[in-house]
Amino acid sequence: SLVVPDLNNIELNVNQSISFPIKIIGMEQGDLCVTCCDPHGQELDLEVLKEAGSALVTFRPLKSGIHKMNVSLDGSFVAGSPSLCLSVNLTEQSPAPLSKRVL
């Protein structure tokens, strides 16, 4: 199984890289697939570094708005996926505050 952090309602900064870990429990093999789409549905470049028992995902939102993060293993979405996170441009006025903020 996979343990993915709750990315829903997290506010990210545009043009700032963000990383999050994924724990892989009891499965050393399997096709881990992570994708992130911007508010216009365009898939972002991201980096997934797999190590024994974990993976580190890094990406950089380029536009303000809701981003959709999908995590799957062997073609099946994991619990909590897809998740939605908001990226904001710090030079623009931020929308209503969210429950969590990643700096």
Side-chain angles (χ1 to χ4, degrees):
S1 67
L2 297 179
V3 178
V4 179
D6 182 8
L7 300 175
N8 288 298
N9 298 321
I10 291 181
E11 188 175 303
L12 309 171
N13 295 325
V14 171
N15 289 319
Q16 182 175 339
S17 293
I18 180 71
S19 296
F20 64 90
I22 297 175
K23 292 182 183 177
I24 303 170
I25 301 171
M27 302 181 92
E28 296 304 318
Q29 301 294 327
D31 183 27
L32 175 65
C33 181
V34 183
T35 60
C36 181
C37 292
D38 72 12
H40 302 287
Q42 185 172 354
E43 199 168 302
L44 298 179
D45 291 332
L46 49 83
E47 180 179 25
V48 179
L49 297 174
K50 284 180 74 173
E51 297 180 4
S54 69
L56 183 66
V57 178
T58 303
F59 73 101
R60 184 169 52 111
L62 301 174
K63 299 179 181 178
S64 295
I66 300 294
H67 286 62
K68 184 176 180 181
M69 182 72 61
N70 293 301
V71 180
S72 64
L73 183 66
D74 292 331
S76 298
F77 287 111
V78 301
S81 183
S83 58
L84 303 176
C85 50
L86 175 69
S87 67
V88 296
N89 188 331
L90 293 179
T91 60
E92 298 173 0
Q93 184 176 0
S94 180
L98 297 175
S99 62
K100 298 178 186 173
R101 183 179 171 97
V102 176
L103 297 176

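Here the structure is a predicted model, which is why all the values come from computation and not from measurement.
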If every non-hydrogen atom of [X] is compared with every non-hydrogen atom of [Y], which pair is closest and at what distance?
| X | Y | answer |
| --- | --- | --- |
| S64 | P39 | O-CG, 3.3 Å |
| T58 | S17 | CG2-CB, 4.3 Å |
| F59 | C36 | CE1-SG, 3.8 Å |
| V34 | L46 | O-CD1, 3.5 Å |
| R60 | L44 | O-CD1, 4.0 Å |

Can you tell me if N15 uses its side chain to pair, donor with acceptor, with the backbone of L62 under 3.5 Å?
no
Within this structure, what is the NZ-CD distance for the pair K68 and E43, rounded to the nearest 0.5 Å?
11.5 Å
L56-V48 co-clustered via ILVMFWY side chain contacts under 4.5 Å:
no
Any side-chain heavy atom of L32 within less than 4.5 Å of one from V71?
yes
